[in-house]
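The block underneath contains the structure these notes are about, expressed in structure tokens.
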Amino acid sequence: MRPHLFVWVTFALVLSCSSQPSAPQGQEPAAACALAEEASVPEFLKRIGCQRDFHALASEPLDTSIPGARSVKVVLDGFDGDALYFQNSQKYAIHYAFVSSHLSGQGLPLVGSLADFNQTEYYAPDRRFLLGSVTYYEGPGVWALEIAPYDTASAEMLTRLYEAVRNAGYFGSELVFHPTSQAVEAEAKHLAPAIRVMTTDELYAAIDYQPLNLATSVGRLRFVMADELKTTYLAYRDIVVLDRLPNDISAVVGIITEEFQTPLSHVNVLSQNRKTPNMGLRQAMSHPQLRALEGKWVRLTVGAFSWSIEEVTNEEADAYWEAHKPVPVVLPAADLTVTDLRDIEDVVVEGQGSLREAIKAAVPAFGGKAAHYSLLARTEGLPVRKAFAIPAFYYVQFMEENGFFARVDALLADPTFKEKPEVRDARLKELRAEMKKAPVNAELQALLKAKLAADYPGLSMRFRTSTNSEDLEGFPCAGCYESHTGDPSDWEDVLEAIRKTWASVWLFRTFEEREYNSIPHKSVVMALLVHHNFPDEEANGVALTANPFDPSGLQPGFYVNVQAGGDAEVVHPPPGITSDQFIYEFHQPGLPLTYLSHSNLVGAGQTVLTSAQVFELGKALALIHERFSPAYGPRAGHTGWYAMDVEFKFDGEPGEPPRLSVKQARPHPGRGR
């Protein structure tokens, strides 16, 4: 069995790390300290009498979703009359290390191997030890007892552990029990009413600060309502405070939203791509510290456990920009020699070098999305829609035959276009309108009609963007382009879908993103990934094949964000709409699930996916993680945090159960420092 390191996922996010745990009302902790003021830190304590005792033993959780939280691991020894130990959690990061050092031999039963310890002490009904952790969550001011998400302790065991910790801690009257998974929460329902249970949802609702991309930037602080972004133009060097998560936002150097985000929102993935800070902060629009700096040059730092902002001078701001402005992104040069409509399995050619090089070889003609989809289609056991790719040659042909590249040259040479964002927006909108009406080459139309009639008869089709400037390693450009659906029974509908998809190369937000990254605009070419669309899916979602709140890689899990079918997108939902978010520890015994939030489009107490569907998704994510590891992960020699960003659907024909279909996978840029 793999060694468990028990960095328990609890997802409490708080405003800063500067405060200390306070003593419960009416207690005088200083007088009851177990440690003298200058004493060295011991291996363990039998009681926690004050703040100083707690902080002497506590460690910051490796799980960075818990900024400001500190934890002390606890051990209750049933052999020794339920003796309680608060272990030095800085020295002993896991329970086994402490127990094998201090509670083995010398009159006590010997503690065996780590594998035997894990199998017994987390699952056996007659186990010797009860293991847990006391965590202080600074934001909501909560003291919580927690056990591992996969621990099968009964309500009787939980009660024994809770009462022992409560009686030995100065925080005892405030101690709650926090279930760390669905299974633990189900068992906690059997606890006596005297033990207050606080769910992850409740903790999450009580927090103020949500770090999403960890970074530092210097920019001018601006306050904008999300609805005003349609008529308000932002500068590259702005740090913007928003009331809610916008669907679209042009390139900026920092984002603070009053509404909390999801890690896989387009806004956050773009922030990760830009390596700029992104955070959620409740009441941000009226936050006194932020409002006092409105319109000024500031330095914003988003950290895993706290955030900070301070005013800087104009000179400092200019110097920072010169030192940190984006390094120009060089796109793969287009390959216009490929003109066949190619079945997706044949887009990437494996076996003639590394997997990464095989992907790179396919991108110039077919784009990043089609290249990665090709590997998905060639992965045994992975459910994907049958698909083919239209190479980038036909986008370039369309632009040249209709004079649109010459039109772009004229725009780029226009000083007013370059200087005024409102002019750029208007002129690009005019360009897109003309592209949506222009003729499509007759030879392409003939090839496409034959392909659809032969291989996809009677099906409406999704024409998806696949450029040489998206889904790339280090440059995902999530949400930069727009895909569209066409019904071949109405051929003009197909042509309209293709033209609208090609025209999305010239969206204002996408143009601005390229400008920010110094990408020559005409170097972008768009292939199309084509498959039957999902007309009425039961669920849509995004996932990461690793735990984004665990950059150490010591607490493996999948992050999933999924919503019930309908018009509410996961990556940019309508205001007030929430989705299911959870961590799925697929490789742990019992497959623990920890929900961060729940969809408000399904009934109370329900989840978007069934247990069987979650397991089906978990198998697919494990396959994808392993499949792309030789390109982007450990099997390619990569030693950092690695995950694939996956989009999926659950869809079924009328009368059939919804089944999983994987829509795309791309390398995720990570969460920042």
Side-chain angles (χ1 to χ4, degrees), residues 6-8 10 12 20-27 29 32-35 42-59 61 66 69-90 92-96 98-99 102-103 121-122 127-138 140-149 151-181 184-185 187-188 190-200 203:
F6 308 134
V7 186
W8 301 326
T10 45
Q20 303 292 325
S22 58
Q25 289 253 342
Q27 294 192 27
C33 288
L35 286 177
E43 299 282 287
F44 64 88
L45 290 174
K46 301 300 290 284
R47 66 181 180 87
I48 299 290
C50 66
Q51 288 180 24
R52 186 165 69 246
D53 292 349
F54 182 80
H55 278 281
L57 303 182
S59 62
I66 319 175
R70 295 187 70 83
S71 294
V72 173
K73 290 178 170 57
V74 296
V75 177
L76 191 71
D77 187 354
F79 177 84
D80 193 18
D82 278 357
L84 180 68
Y85 300 87
F86 294 91
Q87 73 187 54
N88 183 332
S89 301
Q90 298 175 45
Y92 299 105
I94 61 174
H95 288 104
Y96 176 79
F98 171 78
V99 167
H102 290 277
L103 302 179
E121 304 307 327
Y122 292 92
R127 65 188 74 174
R128 173 184 168 187
F129 300 110
L130 297 180
L131 309 173
S133 181
V134 176
T135 302
Y136 179 72
Y137 293 107
E138 179 188 321
V142 169
W143 288 94
L145 174 66
E146 300 158 342
I147 63 172
D151 195 323
T152 61
S154 66
E156 182 275 329
M157 294 175 180
L158 296 177
T159 300
R160 282 169 51 205
L161 182 61
Y162 175 89
E163 290 179 347
V165 172
R166 179 195 61 194
N167 294 336
Y170 78 98
F171 46 76
S173 63
E174 295 184 358
L175 188 66
V176 304
F177 179 72
H178 170 224
T180 53
S181 68
V184 176
E185 187 172 347
E187 187 61 29
H190 302 295
L191 294 172
I195 300 177
R196 183 190 168 196
V197 176
M198 192 171 194
T199 65
T200 299
L203 273 172

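Reckoned from all heavy atoms, side chains included, excluding hydrogens, waters and symmetry mates. Here the structure is a predicted model, which is why all the values come from computation and not from measurement.
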Test log, rule side chain to side chain contact (heavy atoms under 4.5 Å, CB included), inputs I147 and L161:
CA-CA 10 Å; I147 63 172; L161 182 61; 4.2 Å; yes

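- Scanning all heavy atoms of the two residues, the minimum distance from L84 to A168 falls at CD2-CB, 3.7 Å.
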Step-by-step side chain to side chain contact (heavy atoms under 4.5 Å, CB included) determination, R127 to T152:
CA-CA 11 Å; R127 65 188 74 174; T152 61; 3.1 Å; yes

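- Residue A56 comes nearest to L35 through the heavy atom pair CB-CD1, 3.6 Å, listed as atom of the first residue, atom of the second, then distance.
- With hydrogens and angles disregarded, no donor-acceptor distance shorter than 3.5 Å links the side chain of R166 to the backbone of L175.
- For the pair I195/L158, no side-chain contact is recorded, criterion being any heavy-atom separation below 4.5 Å from C-beta on.
- Note that the NE2 atom of H178 and the CD atom of E185 stand 8.5 Å from one another [nearest 0.5 Å].
- Applying the side-chain contact (heavy atoms from CB on, under 4.5 Å) rule to R128 yields the partners D77, F79, L103, L108, P109, V111, E121; only residues at least two apart in sequence or on another chain are considered.
- Partner H102 forms a ring-ring contact (aromatic ring centres under 6.0 Å, His included) with one of F129, Y92, Y85 and no other, that one being Y92.
- Of the listed residues (D151, L130, L76), just one forms a side-chain contact (heavy atoms from CB on, under 4.5 Å) with M157, and that residue is L130.
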Verdict with reasoning, Y122 to H95, per side chain to side chain contact (heavy atoms under 4.5 Å, CB included):
CA-CA 11 Å; Y122 292 92; H95 288 104; 3.4 Å; yes

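- Between the S89 side chain and the K73 main chain, a donor and an acceptor come within less than 3.5 Å of each other.
- Of all heavy-atom pairs between P179 and T200, the closest is O-OG1, 3.7 Å.
- R47 places a side-chain N or O within 3.5 Å of a backbone atom of A32 that can act as its donor or acceptor partner.
- Rounding to the nearest 0.5 Å gives a distance of 13.0 Å between CG of L131 and OH of Y96.
- The aromatic rings of W143 and Y136 lie tilted to each other, with the angle between the two planes from 30° to 60°.
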I'd like to know whether Y162 forms a ring-ring contact (aromatic ring centres under 6.0 Å, His included) with F177, so could you lay out the CA-CA distance, the side-chain angles of the two residues, the decisive distance to 0.1 Å, and finally the verdict.
CA-CA 8 Å; Y162 175 89; F177 179 72; 7.7 Å; no

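- Using a 4.5 Å cut-off on side-chain heavy atoms (C-beta onward), V165 and F171 make contact.
- Between the side chain of E187 and the main chain of A155, a donor-acceptor pair closer than 3.5 Å is present.
- When only modelled atom types and interatomic distance are considered, Q51 and Y170 share no side-chain donor-acceptor pair under 3.5 Å.
- Taking the ring centre of F86 as origin, the terminal cationic atom of K46 falls outside the region bounded by 6.0 Å and 45° from the ring axis.
- Put simply, OG1 on T180 and CG on L145 are 10.0 Å apart, with the number rounded to the nearest 0.5 Å.
- Shown here for A58 and R70, the closest heavy-atom pair between the two residues is O-NH2, 3.0 Å.
- A donor-acceptor pair under 3.5 Å is absent between the side-chain atoms of Q87 and the main chain of L57, judged by distance alone.
- Looking at residues two or more places apart in sequence or on another chain, you find a side-chain hydrogen bond (donor to acceptor under 3.5 Å, both in side chains) between T199 and E202.
- The shortest non-hydrogen separation linking P140 to L203 is CG-CD2, 3.9 Å.
- Here the CD1 atom belonging to I48 is positioned 10.5 Å from the NE2 atom belonging to H55, to the nearest 0.5 angstrom.
- Rounding to the nearest 0.5 Å places OH of Y137 at 6.0 Å from OG of S71.
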